[in-house]
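Hydrogens, waters and symmetry mates play no part in the numbers below; they use all other heavy atoms, side chains included.
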Amino acid sequence: MSRIPFARAALWASLVLAFDAAAAPAAVPAAPQAPFSFTAAPGHLPKNVVPLDYRIAIVPDVAKRTLRGTGSIDLRFDEATDTIQFNAIGMQFANVRLDGKPVKAVSIDAKREIVTVTLATKARPGRHVLNLAYDAKIESGPRGLFAQPFQKPDGSRDILLSTQFEATDARRMFPCWDEPAFRARFELTATVPAAWAAISNMPVKRRVVHGDLATTTFERSPSMSSYLVEFTGGDMASIGTRAGATAINVWAVRGQEQNGKQALEDARTILLDYNDYFGVSFPLPKLDAIAVPGGFQGAMENWGAITYNDQTLLLTPASTLDNRQLVFSISAHEMAHQWFGDLVTMGWWDDIWLNESFASWAAAKETDKRNPAWRVREAEDAGKEAAMRVDARLASRAVHYPVENELEPQNNADPLIIYNKGQAVLRMLEAYLGPDRFRDGIRAYMKARQYGNATSTDLWNALGAASGRDVAGLARDWIEQPGFPLVAARAECDAAGARTLTLTQSRFLLQGEAPAQPRWAVPLRMRVGGAAPQSVLLEKDGQRVAAGRCDQPLSLNADADGFFRIAYDDALLALNTRQFAALPDGDRIALLDDQWALVESGRRPLDSYLALAQAMGDRPNERAWNQILGALDTIERAERGTPGHAGFVAWARGLVKPVAAGMGAAGGAQTAGLQRLQRNLVAHLGAWDDPDTLADARRRFDAFVRDRASLAPDEQAAVLTVVAQHADAATFDQLHAIARAAKNETEVRRFYPILMRVRDPQLAARAAAIALSPEIPPQADVLRLNLVLTLAGEHPQLAWTTFTGQLDRLTAANPGNRPNVLAKTVPEVFWAGIPAATLQGWVKDQIDAGMADTLGDSMQTVRFRQDEKARLVEAADRIAARRS
């Protein structure tokens with residue numbers, strides 16, 4: 001599943017930060033995992049009765065939000081037993097029979113979500129058939145079978161049905177063995193309005209119309225896990241193409257299907273590339289991409305029928321390059337899951353990283369292959385840095401972490417660890433093994449485990465066999481234990497100028513000290529001067545490495561491939577700073593990342609980082625400057641309300657304005673990424689009250705009001721945001737009119753957040769009312785929460801009052817995400833504007849006990865941020881005093 005794909009890593013970096021200096025157990029790798037075994041796989045259901053084939057028929061009643069269903073399930077009894085256990089939520093059962101005979105009793109454990117069927121007598125080992133009828137509920141949010149209201153292109157209102165089953169919600173639509181190890185075949189039948197299209201994992205087998213209804217039966221699927229079953233029904237239409245033997249279709253609300261042309265083209269390219277890379281062709285006869293209006297954020301990798309939030313699949317003339325990149329990257333992520341997750345499925349939820357990290361890694365690789373001008377490998381760094389910030393706390397958890405109860409809202413995992421850290425570790429391993437050996441191992445893994453389940457060990461064994469290296473021993477350090485190392489490099493020079501490094505490692509924490517020091521085998525990538533990088537495996541403290549000449553710049557994380565920090569000694573850092581311009585882009589990015597993290601942790605002075613930022617000069621590189629802008633934002637926010645704020649902002653403007661001016665002179669000759677960087681620089685200059693930028697933005701806005709074609713979609717957000725920040729009442733009315741006139745949801749999601757950026761308090765109050773108003777279309781209800789959180793940037797008290805007073809309304813669109821919003825997002829967004837005790841007390845009253853640890857982690861974030869703010873203000877003021 002891609003709720004937050006790598007293209008959105010920067011958003012997560014701003015919303016999800018967690019540091020914990022509280023006492024925690026020492027980071028010790030868990031015992032090595034065994035290869036997958038069905039009988040040994042974790043879970044709560046007994047494995048003596050195994051489903052083989054499901055025949056499920058559903059008849060939804062959308063008006064009543066109810067569902068009638070029947071099931072006929074072929075079972076294999078591996079031993080004689082008089083009980084059958086499976087999963088269900090909120091169901092009532094009738095006419096339950098085994099092999100045609102009534103059963104003795106049916107009992108429901110609602111808390112454990114387990115149904116126990118007691119037979120009149122023990123059934124013998126062998127094949128049996130369980131038949132039953134049941135009533136269930138159609139959900140109002142994205143879990144199980146849910147109803148999604150939406151506004152059609154002509155302005156009328158409609159509703160459709162779709163499903164979201166990962167991780168444990170298939171049991172809401174039909175009774176099933178809802179654990180990933182229980183693979184089976186599925187034949188689904190659905191009776192819905194005859195005017196609707198009906199879509200599932202497999203092609204239509206037959207369709208019978210009877211009056212206003214139609215009953216559609218789909219072909220039987222291959223063996224797969226229950227959470228990958230899919231059904232969508234509604235007034236939808238499709239466009240299609242073929243990729244080899246596979247039919248590919250994009251489905252959307254009727255009238256919007258043509259907006260899927262680019263996604264259709266992308267899907268064909270991606271599928272053919274993946275067929276080649278994985279060495280196993282996509283095995284289903286068709287692959288549908290289904291645009292669900294609203295419903296959930298991101299997408300879900302149902303086998304052969306991927307569901308997407310429509311804003312991540314459809315493109316309109318109002319779409320931007322960011323929209324285009326998002327569509328490609330999420331499609332590449334979800335389609336990678338068709339192999340890594342669907343064809344081969346993790347044995348239990350503790351290995352969910354096998355699905356998500358690999359899909360994220362594959363998506364970045366594919367996106368870079370087909371769109372090299374996007375420089376995705378550099379952009380990945382933002383997602384990696386977000387994960388490293390989470391992993392730099394004492395209580396962080398390993399990528400592979402035990403999941404005792406899959407029903408817990410958090411499963412003891414953080415998306416940034418599961419998606420981003422795992423992805424970065426895979427990239428690091430690929431660089432260490434070499435791309436060809438890595439690919440050969442993946443192909444062997446796919447062929448060996450297809451139509452089955454796997455653990456991490458199965459993957460490491462395949463990669464080890466293909467490369468001839470101890471991949472399991474190396475990977476275990478990074479996957480089975482939390483955290484990552486800080487590698488300290490000390491240089492010595494002999495009389496001839498030859499350089500030798502002495503390397504040591506310790507666990508890197510942003511706050512506090514580790515009570516024990518775990519160890520990692522660290523696959524460094526060392527570049528000396530402009531040479532190609534060479535691999536150096538750091539295995540022990542005090543390891544000495546020859547590293548060229550003492551006058552050559554040095555990188556121990558070439559191309560930023562590694563998931564570790566480097567602390568160069570003072571002489572090496574000074575040398576790299578002097579020769580910063582000569583470093584490759586990736587090496588500059590790695591050095592900026594590491595030095596800023598060392599400043600944040602108090603290990604290095606702020607001057608050391610600002611010297612690197614100044615050494616960038618006016619050289620344009622999107623990721624490097626975005627990293628610098630992020631650091632400057634942190635300092636500027638810390639300085640707000642202090643005497644040093646104006647001086648720091650003036651210095652920051654002086655640093656970035658020459659870069660923006662130089663890029664403006666280049667005009668249309670720039671790549672799309674550099675054009676985006678220029679817009680980001682302009683946005684920051686506007687936020688920092690640069691007079692020239694404000695005047696230019698106002699001029700372009702006035703032209704846009706007169707002629708909507710005067711400002712390209714890619715430029716609208718930056719220009720209008722600058723105007724909104726400095727808007728008076730008349731200007732706000734103009735901005736509001738633009739939002740209300742949005743022609744599609746892409747524009748709705750662009751223009752309404754801009755209103756939340758106003759600095760005038762009275763206008764901000766109007767913006768808060770707009771966020772709750774009927775102007776927002778039903779499929780964009782989830783946007784309301786984001787609008788209020790955006791408002792917190794300039795008006796934390798207003799946003800807090802709005803959020804706490806309208807909590808149910810703001811979380812209704814995605815109730816399953818409410819625990820995360822409360823325990824994580826609220827402290828992380830409001831920490832600077834609301835007293836910590838107020839934050840903690842209010843959230844504690846709203847959450848279940850199971851989220852207490854998550855709230856504790858978030859409050860450590862608050863305390864870190866407060867401490868960091870004080871340190872940055874002191875350091876920035878000290879630097880300013882020296883300059884004056």
Side-chain angles (χ1 to χ4, degrees), residues 8 11 14-15 149-151 153 155 157 293-297 309-312 314-320 322-323 326 679 683 686-687 697 701 704-705 708 711-796 798-799 801-803 805-806 809-814 821 825 829:
R8 289 296 194 205
L11 175 61
S14 67
L15 291 182
F150 63 95
Q151 184 172 300
R157 300 292 179 102
F296 52 84
Q297 299 300 295
N309 178 282
D310 61 354
Q311 296 302 295
T312 64
L314 307 180
L315 295 169
T316 72
S319 298
T320 64
D322 285 349
N323 299 136
L326 186 67
R679 293 190 291 272
F701 174 70
F704 182 65
V705 170
R708 295 290 194 271
L711 200 57
D714 282 286
E715 299 186 89
Q716 291 169 9
V719 172
L720 270 61
T721 296
V722 172
V723 171
Q725 288 168 332
H726 303 84
D728 56 17
T731 302
F732 185 85
D733 287 341
Q734 291 176 307
L735 289 164
H736 189 196
I738 290 169
R740 296 190 67 172
K743 297 187 294 294
N744 50 56
E745 194 179 338
T746 300
E747 291 190 341
V748 167
R749 290 173 180 259
R750 180 180 308 143
F751 295 141
Y752 277 93
I754 289 170
L755 300 177
M756 307 298 126
R757 303 294 296 276
V758 294
R759 291 176 176 172
D760 180 277
Q762 291 183 328
L763 298 178
R766 290 179 56 191
I770 290 169
L772 300 170
S773 74
E775 295 177 28
I776 309 299
Q779 65 267 33
D781 269 352
V782 70
L783 179 63
R784 299 181 191 277
L785 174 61
N786 294 333
L787 294 178
V788 173
L789 296 180
T790 300
L791 190 67
E794 297 287 348
H795 305 278
L798 172 63
T801 302
T802 305
F803 176 79
Q806 298 288 335
R809 184 173 187 186
L810 292 172
T811 57
N814 192 352
V821 170
T825 307
V829 168

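One distance of note links CZ of F701 with CG of L720; it measures 5.5 Å at 0.5 Å rounding. With rounding to the nearest 0.5 angstrom, the CG atom of L798 is 5.0 Å from the CG atom of L791. In this structure, L315 CG and T320 OG1 are separated by 8.5 Å, a value rounded to the nearest 0.5 Å. Interatomic distance, L326 CG to Q311 CD, rounded to the nearest 0.5 Å: 9.5 Å.
Smallest separation of non-hydrogen atoms from L772 and R809: O-NH2, 2.5 Å. Between P317 and P713, the shortest heavy-atom distance links the atoms O-CG, 3.6 Å. Closest of all the heavy-atom pairs between N744 and A318 is ND2-CB, 3.9 Å. Residues L763 and A727 approach most closely at CD1-O, 3.4 Å, considering heavy atoms. In plain terms, the two heavy atoms of V748 and L783 that are nearest each other are CG1-CD2, 4.0 Å. Contact detail for Y752 and A739: the closest heavy-atom pair is CE1-O, 3.4 Å.
With H795 contributing its side chain and V758 its backbone, the two residues share a donor-acceptor pair below 3.5 Å. A donor-acceptor contact shorter than 3.5 Å links the side chain of Q779 to the backbone of Q151. Under the 3.5 Å distance criterion, the side-chain polar atoms of R750 are left unmatched by any main-chain donor or acceptor of Q716. Checked by atom type and distance alone, the side chain of R679 pairs as donor or acceptor with a backbone atom of D714 at under 3.5 Å.
Scanning for side chain to side chain contact (heavy atoms under 4.5 Å, CB included) contacts around V788 gives A771, A799, T802, F803, L810, with sequence neighbours left out. With sequence neighbours excluded, the residues satisfying side chain to side chain contact (heavy atoms under 4.5 Å, CB included) with T721 are Q725, I754, R757.
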Under the side-chain contact (heavy atoms from CB on, under 4.5 Å) criterion, do I776 and L787 qualify, and how do the steps go? CA-CA 11 Å; I776 309 299; L787 294 178; 4.2 Å; yes
Verdict with reasoning, L755 to F732, per side-chain contact (heavy atoms from CB on, under 4.5 Å): CA-CA 7 Å; L755 300 177; F732 185 85; 4.1 Å; yes
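Listed by first then second residue, pairs satisfying side-chain hydrogen bond (donor to acceptor under 3.5 Å, both in side chains) with a partner in residues 760-774 read D733-R766, not counting sequence neighbours.
A cation-pi geometry, defined here as NZ or CZ lying under 6.0 Å from the six-membered ring centre and within 45° of its normal, holds between R708 and F704.
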